[in-house]
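A quick write-up on the structure given underneath.
Proteins come first, then strands; the chains are lettered A, B, ... in the order of their sequence lines, and each starts at number 1.
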Amino acid sequence: MQYHQSESRMYYSSSSVAESLERVVRLASGSAVVIFSVSTCCMCHAVKRLFCGMGVNPTVYELDQDPSGQEIERALSHLLGGGSAVPVVFIGGKLVGAMDRVMASHIGGTLVPLLKEAGALWL
Amino acid sequence: MASHRVGEPAALSDSGAPHHHLPYAIPHMLHHPSNSTFINQEGPAFDFGELEEAIILQGVKINNDDKKQHLYTAIRPAATLDMFPSWPMRFQQHTPRGSSKSGEESTDSGSALNTLSNTPESPSDHRQPPPPPPQMDAAGGIDSPRMSGSQPHPPPAKPAPEKTLRRLAQNREAARKSRLRKKAYVQQLESSRIRLAQLEQDLQRARSQGLFLGGGGAASGSISSGGAIFDMEYSRWLDDDHRHISELRTALQAHLSDSDLRVIVDGYIAHYDEIFSLKGAAAKSDVFHLITGMWTTPAERCFLWMGGFRPSDLIKMLIPQLDPLTEQQFMGICSLQHSSQQAEEALSQGLDQLQQSLVDTIANGSVNDSMHHMAVALGKLANLEGFVRQADNLRQQTLHQLHRLLTIRQAARCFLVIGEYYGRLRALSSLWASRPRESMIAEDNSCQTTSDLQMVQASQNQFSNF
């Protein structure tokens, strides 16, 4: 698992949701599997354990340890259409969703092909 | 019972001296006031007003004409008939035997008389002895050809004075009013009875769910309203489940077409979707009720995982029952089991972390900022709802995936197996609860397991030794 901090200094003034979303998309495209998380959130812990259990090495952004984390959280919440902003999973730069979507995808058998496609899993 | 009643008056007219039997008959009837057959809810109830009238007129008649027994029975069947307004037909077959009337004629006369007796508001003069009213004439007219040989029926005794007649009319009115009142009251009682039975049934269901609460709940022993509401919904869902299972079973046995089966299977999936939706709402109001399994039976609670069944266990149970499966299907189901296990593991680890975090918060609550710590702990507890919802989501997705992987006939069989399995598990709880207990004292110490069980069933002191 790799923990990254977003380049908040350069985008210090970004407050609009659109700019934050842009950043989110940019960050998401940076790795095969990207998880936006909060270190104290137990559901985030669960989703991290899920990917690790599958042998995947996701890139995790802990928003509570990021100065601009709040804006990203707001943008993510906007993206998901309300509700909890974390955890959110991107695979291959594309949005998968929150925990329930990830679960449904895994049970439905679509998660593993996505991971393989993104190069996060080899069999 | 009707025949029994009719039989008695029949004996009256069959015998040669009805006139002295009749007075006995009346007290006989009066001795059975509580007999429900007298309370005729369909037609007019037994009418004491009419009885009184009949007695008076009868007495008058007897004094004047006790030899004309056939006339008595023919002309005055109204008296005895009125007493049994609900059994006119059978009665008439017996009463005119002495007068050798044909059954039809007597029926006619009887029914004519009966309608008269049933409508006391109608011309009340039909009972006036003389002159015989037109209706009476009709009956009398039918009678008279038969009795041509006998004396023309004498006019009944001179009418009682006006006062008596008025009193009789008033009595009739009062009797009618009390009849109507009684009818209304009885109807009210009936509807209350139905309502009571309904309430008792609901209470029974709620209690049978609440029984498994044990002593762990609030001091009052009651469950929260959210939990109680869910329990009622769940018991209704169980009834529906039973219905769905029967439908699946008969559909499979009847070898219905695939399209028909599909409807039933889709219905069963929707049935499960419904319980997950109900559980979602219940998780908001009382997550502890769900996660501790207070809504389930003890045997189910034993295997409870995060507020419900463990999907991978269900699939493990299903695989041998679903034979025959194609290679592809088998791979698909094994893969489903595997991914379900991974998801369960992830959720369990998340819940473990929540538990650990909660323990830390409560343990580190100092006297100074205990309120703050409690507030933090409350915030963490709120996450429980999310885990129960994710677990239910997992269960729902598993069932849907099974539906996708299997043919319609296989799916029908699969859901039948699932329904029967959980039904048996629930039944196991009931059987276990009602099993005959061994004596408390261990008779055979060499049998370790039995004595262990007996020790567990014995006092707490002994249990603590283990």
Side-chain angles (χ1 to χ4, degrees), chain A residues 1 33 35-58 60 62-65 73 76-77 80-89 91 96-117 120-121 123, chain B residues 276 280 283 306 311-312 314-315 328-329 331-361 376-377 379-405:
Chain A
M1 204 170 333
V33 181
I35 304 178
F36 290 95
S37 154
V38 167
S39 58
T40 54
C41 166
C42 302
M43 197 57 80
C44 301
H45 180 77
V47 86
K48 286 176 227 166
R49 297 308 319 154
L50 176 68
F51 283 106
C52 292
M54 291 164 66
V56 174
N57 191 19
V60 181
E62 301 285 5
L63 298 178
D64 56 332
Q65 292 161 0
E73 254 191 85
L76 287 172
S77 182
L80 294 174
S84 174
V86 290
V88 177
V89 174
I91 299 179
V96 174
M99 186 55 150
D100 55 346
R101 297 283 314 122
V102 173
M103 287 274 175
S105 167
H106 193 34
I107 294 296
T110 58
L111 190 66
V112 168
L114 261 180
L115 289 167
K116 285 186 184 166
E117 214 186 294
L121 254 188
L123 195 75
Chain B
F276 291 128
M306 222 170 276
S312 58
L314 181 68
I315 296 165
Q328 195 179 20
Q329 282 178 327
M331 296 297 290
I333 293 188
C334 286
S335 156
L336 175 62
Q337 186 183 350
H338 185 58
S339 43
S340 180
Q341 265 166 340
Q342 286 174 327
E344 288 161 28
E345 185 60 31
L347 283 177
S348 296
Q349 288 189 16
L351 192 61
D352 280 349
Q353 206 205 39
L354 176 63
Q355 202 173 344
Q356 194 58 51
S357 164
L358 200 59
V359 163
D360 287 342
T361 303
V376 171
K380 290 183 178 174
L381 264 184
N383 291 308
L384 269 180
E385 185 206 326
F387 278 97
V388 174
R389 298 214 54 183
Q390 289 304 328
D392 277 345
N393 178 38
L394 191 63
R395 292 173 194 120
Q396 191 176 22
Q397 292 302 321
T398 304
L399 290 174
H400 280 253
Q401 179 68 358
L402 272 173
H403 188 203
R404 266 177 244 129
L405 285 172

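In this structure, the side chains of B:Q329 and B:L405 stay at 4.5 Å or more apart for every pair of heavy atoms. When side chains are defined from C-beta on, A:L111 counts as touching A:I91, because their heavy atoms get closer than 4.5 Å.
When heavy atoms are compared at a cutoff of 4.5 Å, A:M103 approaches chain B solely by way of its side chain, counted from C-beta outward. Heavy-atom distances place no part of B:N383 under 4.5 Å from chain A, backbone and side chain included. Residue contact with chain A, scored on non-hydrogen atoms closer than 4.5 Å, is absent for B:S335. Only the side chain of B:R404 comes within contact range of chain A, with at least one heavy atom under 4.5 Å from a heavy atom of that chain. Only the side chain of B:Q390 comes within less than 4.5 Å of a heavy atom of chain A; its backbone N, CA, C and O stay farther away.
Minimum heavy-atom separation, A:A46 to B:L347: CB-CA, 4.3 Å.
Annotation: the span from A:H106 atom NE2 to A:L115 atom CG amounts to 9.0 Å, rounded to 0.5 Å. In this structure, NZ on A:K116 lies 11.5 Å from CG on A:L114, to the nearest 0.5 angstrom.
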Pair B:F387-A:C42, side-chain contact (heavy atoms from CB on, under 4.5 Å): steps then yes or no: CA-CA 9 Å; B:F387 278 97; A:C42 302; 3.8 Å; yes
Verdict with supporting geometry, B:D392 and B:R395, salt bridge (charged side-chain N to carboxylate O under 4.0 Å, His left out): CA-CA 5 Å; B:D392 277 345; B:R395 292 173 194 120; 2.4 Å; yes
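Listed by sequence position, B:Q349, B:G350, B:Q353, B:L354 are the residues of residues 348-356 of chain B in contact with chain A, using a 4.5 angstrom heavy-atom cutoff. The contact list for residues 48-58 of chain A toward chain B, using heavy atoms and a distance under 4.5 Å, reads A:R49, A:L50, A:G53, A:M54 by residue number.
Of the candidates B:Q342, B:Q337, B:E344, B:H338, B:E344 is the only one forming a side-chain hydrogen bond (donor to acceptor under 3.5 Å, both in side chains) with B:S312.
For the residue pair A:E62 and A:S39, no side-chain donor N or O sits within less than 3.5 Å of a side-chain acceptor on the partner.
Counting heavy-atom pairs closer than 4.5 Å to chain A, the top residue among B:L394, B:N393, B:L336 is B:N393.
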